[in-house]
Amino acid sequence: MTTSRRTVVAAAAAGLAATAVGTGPAFAAAPAAGGGRPRKEHFGTLPDGTRVDRWTVESGGTRLGVLSYGGIVQTLEIPDRHGRRANVSLGFDNVGDYLTAGTYFGALIGRYGNRIARGTFTLDGKTYQLPVNDGPNSLHGGDQGFDKRVWDVAPYAGKDGTGLTLRRVSPDGEMGYPGTLAVRVDYVLDRRGDLRIAYEATTDRATVVNLTNHTYFNLAGEGNGDVLGHTLRMAASRYTPVDKTLIPTGELPKVAGTPFDFRRAKPIGRDIRKGDEQLVFGGGYDHNFVLDKGVTATPEPAVTLADPVSGRVMDIATTEPGVQFYSGNGLDGTLRGTSGALYRQADGLCLETQHYPDSPNRPAFPSTVLRPGQTYRTTTVLSFGVR
């Protein structure tokens with residue numbers, strides 16, 4: 001039984017998003033609810049002299065730290081079953097490590113989260129070439145994606161909570177993508193301390209968009225060992241298997257009878273060392289799970305992650321049709337995090353809500369095309385509680 005500030009996830013999320021790609025009203029400003037005004041402090045300086053700020057938002061027992069560089073969730077502090085708060089997001093205490101690590105810790109990802117095969121796609125009869133930065137493929141928008149950009153940040157005050165609004169304009173041709181893309185991302189904490197991440201974008205030319213957040217979670221607390229004992233449940237009866245370069249094959253097999261079956265909660269480490277070819281390709285889990293709910297107009301429950309030791313629980317509701325589950329396979333003990341601990345394999349995991357990888361080259365997958373006159377909107381809600 002879960003005692004929760006996340007009483008009903010769907011209710012917490014209701015009315016906060018329109019369709020993933022469509023039209024609708026912009027988010028309305030209103031008196032703040034559930035927290036004080038966000039605080040800004042200097043975090044560091046980029047090699048070109050650009051200032052990087054760290055913003056702190058607090059509400060309902062949750063404290064969120066966000067950087068203007070990369071829109072990075074640098075810290076996310078939530079209480080355990082005894083009310084003791086700990087940071088559950090992997091990250092660094094300085095700008096320099098974010099510049100060199102290549103791990104995407106906590107970052108906003110765009111224009112296209114996940115992989116595009118061979119860094120190419122064709123749209124309206126024209127083929128576009130993107131940077132190839134992951135073997136033969138393009139990953140997370142290229143080598144200078146949204147995670148490497150400084151965002152404009154301002155306090156957010158709405159009837160749904162308090163937080164931050166991040167904005168940037170991605171010019172036509174940036175990283176090979178067509179169209180000038182105007183992007184807005186809201187990080188909002190409600191009175192319970194649940195976190196809503198809402199993405200919005202418009203374009204002046206047809207393009208492809210797939211935005212997400214790349215936070216690595218460890219509900220035991222950052223630096224407190226691996227996540228293999230965490231339990232994970234996902235409402236996903238199918239997944240997208242990949243080739244050796246981690247590009248989807250186009251198939252959508254059932255998870256039943258495979259290590260990819262998380263329809264009932266199980267420890268992440270239970271099947272991860274089994275000799276399944278897909279786990280060999282990924283070095284563990286690095287796969288898109290096809291959510292049974294599909295694309296929805298408002299966030300619907302999809303994932304539950306729990307740490308039996310601390311009692312912390314995180315529910316994820318989303319409008320997106322997929323979740324990329326990455327079990328921290330590339331962490332190798334060479335990176336030192338905010339606590340001073342070295343991050344080793346599986347010391348954190350990612351649950352990236354998204355459209356499917358390589359969708360621009362897979363017409364059967366849900367479309368990621370955005371056209372002039374449309375507004376891209378998608379929302380994910382992280383709800384926190386204890387058992």
Side-chain angles (χ1 to χ4, degrees), residues 17 20 27 38 43-44 46 50 52-57 64-76 89-92 95 97-99 101-116 130-131 133 138-156 163-171 174-175 177 181-189 195-203 207-217 316 318-320 322-324 326 348 350-355 357 368 370 375-382:
F27 299 114
F43 185 76
L46 299 182
T50 302
V52 175
D53 292 319
R54 182 183 189 271
W55 290 79
T56 302
V57 184
L64 173 69
V66 175
L67 304 183
S68 57
Y69 177 75
I72 288 169
V73 173
Q74 191 239 354
T75 56
L76 177 62
S89 171
L90 274 58
F92 301 118
V95 169
D97 285 346
Y98 282 109
L99 296 178
T103 53
Y104 304 97
F105 283 154
L108 290 178
I109 301 298
R111 288 189 187 188
Y112 198 94
N114 220 304
R115 295 173 175 87
I116 294 180
L130 315 173
N133 62 326
S138 184
L139 175 66
H140 293 332
D143 55 351
Q144 294 293 315
F146 289 0
D147 60 293
K148 298 291 193 298
R149 310 291 180 170
V150 175
W151 292 69
D152 293 326
V153 185
Y156 173 101
L164 304 169
T165 292
L166 288 75
R167 299 180 188 270
R168 78 173 299 263
V169 176
S170 175
E174 184 176 69
M175 293 289 99
Y177 289 89
L181 192 76
V183 183
R184 169 179 174 168
V185 180
D186 291 335
Y187 288 117
V188 180
L189 293 178
L195 173 61
R196 174 174 65 89
I197 308 177
Y199 309 84
E200 183 177 294
T202 58
T203 184
T207 191
V208 295
V209 186
N210 190 29
L211 306 180
T212 191
N213 177 273
H214 207 288
T215 295
Y216 287 65
F217 298 101
I316 300 176
T318 186
T319 58
E320 290 282 59
V323 171
Q324 184 81 9
Y326 174 59
C350 301
L351 295 162
E352 304 155 65
T353 55
Q354 62 178 13
H355 274 53
T368 56
L370 178 69
T375 300
Y376 170 99
R377 288 192 179 97
T378 177
T379 300
T380 293
V381 177
L382 308 180

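Because only heavy atoms are used, hydrogens play no part in the values below, and waters and symmetry mates are left out as well, while side chains stay in.
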Open item on the list: I need the I72 CD1 to F105 CZ distance, nearest 0.5 Å.
Closed with: 10.5 Å

Task: Step-by-step side-chain contact (heavy atoms from CB on, under 4.5 Å) determination, L108 to Y199 - done: CA-CA 10 Å; L108 290 178; Y199 309 84; 4.0 Å; yes

Task: L64 side, atom CG; I197 side, atom CD1 - distance, nearest 0.5 Å - done: 8.0 Å

TODO: Might you work through the side-chain contact (heavy atoms from CB on, under 4.5 Å) test for V57 and V66, ending with a clear yes or no?
DONE: CA-CA 8 Å; V57 184; V66 175; over 6 Å; no

Open item on the list: I need the E200 CD to T378 OG1 distance, nearest 0.5 Å.
Closed with: 11.5 Å

Task: Reported CG-to-CG distance for the pair L181 and L370, which is rounded to 0.5 angstrom - done: 6.5 Å

TODO: Please identify each residue that fulfils ring-ring contact (aromatic ring centres under 6.0 Å, His included) with Y98, with sequence neighbours left out.
DONE: F92

TODO: Could you grab the distance from atom OH of Y177 to atom OG1 of T203, nearest 0.5 Å is fine?
DONE: 13.0 Å

Open item on the list: Quiz question: by atom type and distance under 3.5 Å, do the side chains of T379 and T319 form a donor-acceptor pair?
Closed with: no

Task: CA sep, side-chain torsions, deciding dist, call: Y187, W55, side-chain contact (heavy atoms from CB on, under 4.5 Å) - done: CA-CA 11 Å; Y187 288 117; W55 290 79; over 6 Å; no

Open item on the list: Which residues pass the side-chain contact (heavy atoms from CB on, under 4.5 Å) test with T202, not counting sequence neighbours?
Closed with: A182, T375

Show me the side-chain donor-acceptor pairs of residues 145-155 shorter than 3.5 Å, one per line, residues at least two apart or across chains.
from, atom 1, to, atom 2, distance (Å)
R149, NE, Q144, O, 3.1
R149, NH2, Q144, O, 2.8
R149, NH2, E174, OE2, 3.4
W151, NE1, F146, O, 3.2

Task: N114: side-chain contact (heavy atoms from CB on, under 4.5 Å) partners, not counting sequence neighbours - done: Q324, Q354, P357

Open item on the list: N133: which residues meet the side-chain contact (heavy atoms from CB on, under 4.5 Å) condition with it, sequence neighbours left out?
Closed with: Y104, S138, L139, D143

Open item on the list: Under the rule for side-chain contact (heavy atoms from CB on, under 4.5 Å), what residues qualify as partners of T212, not counting sequence neighbours?
Closed with: I109, E352, T353

TODO: Test S89 against T75 for side-chain contact (heavy atoms from CB on, under 4.5 Å), laying out the working first.
DONE: CA-CA 5 Å; S89 171; T75 56; 5.7 Å; no

Task: Spacing of R111 atom CZ and Y376 atom OH [to the nearest 0.5 Å] - done: 12.5 Å

